[in-house]
Amino acid sequence: MSFAPFDWIDDEARRRADAGLVRTLRPRPAEPELLDLASNDYLGLTRHPEVTAAAAEAAHRWGAGATGSRLVTGSTALHADLERELAEFCGFEAALVLSSGYTANLAALTALTGRGSLIVSDAGNHASIVDGCRLSRAETAVVPHTDPEAVAKELRAHSGRALAVTDSVFSVDGDAAPLPELADVCRTEGAALLVDDAHGLGVLGEGGRGALAAAGLAGGDGIVTTLTLSKSLGSQGGAVLGPARVIDHLVNAARTFIFDTGLAPATTGAALASLRLLRREPARAGRARTVATALYERLTAAGLTAVRPDAAVVSVRAPSPDAAVRWAADCRAAGIAVGCFRPPSVPDGISRLRLTARADLTEAQIATAVATVLRTAPPA
């Protein structure tokens, strides 16, 4: 009898195909051919001349790669400058830059919890938070979406170290977490609050300083935030911000920091240039929110079902996974790139088109995008 250890993969592939959940890679060209409403480039900075020039200059000066982990040879003056300016901009005492937003969440969750501690996690949290909870070895309680009382109930039932974790803006529907209420609950129960502000930085708060700044919570002693540099800042990488003693602890205890190669100089330099550009042009944040509102209002006025955006994510419901895929493909054929979210990426099982509201979209481009989405919409 022959031994075929991967035959089970064929069965999995058939099940995915039957459910309409097959995913494929689609390399994009260097020069954009489509109007982009699919990426996370909320402020339109990834191709900004200052940002790309900074990336090129950093690669020329520091080399193509970081050459090692941050604790060995992978830290440069660029990393230190970015950490200092991120912390100052967002209102926190200190920051630590990692290779991605994913590794930033893993670092914070695994280093700040552990066996015997409790993590209370929102049911709508990103996969990186879910994975961080699993790797932490802490007890994890998953609570209903945006429900501070459910968080309080779990925290009251636990007598040891505890942490509540939430996205600031949820990537599926674009709705925001009730951060002031969650902070009050954590303060009352003696728990830490960890907020993933991937979709808030650059969009929410004065000049794009993020959801915690908007809520008046930035810099709180019991509050830590994670960020990605790959959305509003148009680059790549992630960061953890919080009290200096928390950041020092992560340097010594977070495995995804200690054992991972540092962020490449080019991406570090690009993120730093984007941050400085945002400080100089703070109106970009408000423009991204204005575009999101315009997309939502025009699409829902025409009869589509969407969630009112709290930041720059506009989520439009589709009748089925197959319909969502066809809808996105029809938009692409008409010249508009949109996101397509299906299970298991969506926790509630409802498929959606996900539109990115970018600060650099013109009124004509907004009108074109709306007309295309409406014209290609599948029957309900």
Side-chain angles (χ1 to χ4, degrees), residues 36-43 122-126 144-148 150 166-182 195-206 208-217 231-232 283-319 323-324 327-328 331 336 338-342 345-361 363 365-374 376-378 380:
D36 175 22
L37 274 79
S39 76
N40 293 314
D41 187 19
Y42 295 139
L43 302 183
D122 188 287
N125 279 340
H126 188 263
H145 186 47
T146 61
D147 189 341
T166 183
D167 287 346
S168 64
V169 177
F170 294 90
S171 61
V172 173
D173 272 336
D175 57 325
L179 295 183
E181 293 86 349
L182 289 171
V195 178
D196 178 351
D197 203 22
H199 298 277
L201 176 67
V203 178
L204 300 179
E206 181 186 355
R209 284 172 168 76
L212 287 160
L217 298 171
K231 294 181 172 59
S232 286
R284 286 179 180 265
R287 174 61 183 167
R289 298 194 301 271
T290 297
V291 172
T293 300
L295 289 169
Y296 165 79
E297 290 179 347
R298 297 179 196 184
L299 291 170
T300 54
L304 296 183
T305 300
V307 177
R308 179 175 289 278
D310 287 320
V313 173
V314 182
S315 180
V316 185
R317 294 197 172 193
W327 196 359
C331 286
I336 307 292
V338 298
C340 178
F341 275 29
R342 298 168 289 157
S345 298
V346 289
D348 58 7
I350 299 172
S351 296
R352 299 160 168 84
L353 291 193
R354 180 182 181 276
L355 312 183
T356 297
R358 294 201 340 260
D360 60 338
L361 290 179
E363 291 301 321
Q365 288 172 325
I366 295 170
T368 298
V370 169
T372 301
V373 172
L374 292 174
T376 57

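Predicted model only: the values in this text are computed from it and were never measured. Residues: numbered from 1 along the sequence shown.
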Could you pull out all residues at least two apart from [X] that satisfy salt bridge (charged side-chain N to carboxylate O under 4.0 Å, His left out)?
X: Asp173; result: Arg352
X: Arg287; result: Glu363
X: Arg209; result: none
X: Arg342; result: none

Task: Atom of Asp197, atom of Ser168 and distance for their closest heavy-atom approach - done: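 Looking at all heavy atoms of both residues, the closest pair is OD1-OG, 2.5 Å.
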
TODO: Return the minimal non-hydrogen interatomic distance between Gly202 and Leu43, and the atom names on each side.
DONE: O-CD2, 3.3 Å

Run the side chain to side chain contact (heavy atoms under 4.5 Å, CB included) test against [X] and tell me which residues pass, sequence neighbours left out.
X: Asp360; result: Arg358
X: Ala285; result: Arg289
X: Ala198; result: Asp196, Thr228, Lys231
X: Ala38; result: Asp36, Ala337

Please output the side-chain donor-acceptor pairs of residues 304-314 that fall under 3.5 Å, not counting sequence neighbours, one pair per line with the distance.
{"residue": "Asp310", "atom": "OD2", "partner": "Ala176", "partner atom": "N", "Å": "2.7"}

- [ ] Begin with the C-alpha distance, continue with both residues' side-chain angles, and end with the deciding distance and a verdict on side chain to side chain contact (heavy atoms under 4.5 Å, CB included) for Thr166 and Leu179.
- [x] CA-CA 9 Å; Thr166 183; Leu179 295 183; 4.0 Å; yes

[Y] backbone acceptor or donor facing [X] side chain under 3.5 Å:
X: Arg354; Y: Ser171; value: yes
X: Asp122; Y: Thr146; value: yes
X: Thr372; Y: Cys331; value: no

Side chains of [X] and [Y] in contact at under 4.5 Å (non-hydrogen atoms):
X: Leu37; Y: Leu295; result: yes
X: Leu217; Y: Val195; result: no
X: Ile336; Y: Thr368; result: yes
X: Ser232; Y: Val203; result: yes

How long is the straight-line distance from [atom2] of [Y] back to [atom1] of [X], given to the nearest 0.5 Å?
X: Leu361; Y: Thr290; atom1: CG; atom2: OG1; answer: 12.0 Å
X: Cys340; Y: Leu353; atom1: SG; atom2: CG; answer: 6.5 Å
X: Asp175; Y: His145; atom1: CG; atom2: NE2; answer: 3.5 Å

Any residue meeting side chain to side chain donor-acceptor pair (under 3.5 Å) with [X], in chain and number order, not counting sequence neighbours:
X: Gln365; value: Thr362
X: Thr376; value: Trp327
X: Asn125; value: Ser121

Task: Atom CD of Glu206: over 12 foreign heavy atoms under 6.0 Å - done: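 Count not over threshold, so no.
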
- [ ] Assign the ring pair His199 / Tyr42 to parallel, tilted or perpendicular, where the plane angle (0 to 90°) is split at 30° and 60°.
- [x]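 If you compare the ring of His199 with that of Tyr42, the planes turn out tilted.
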
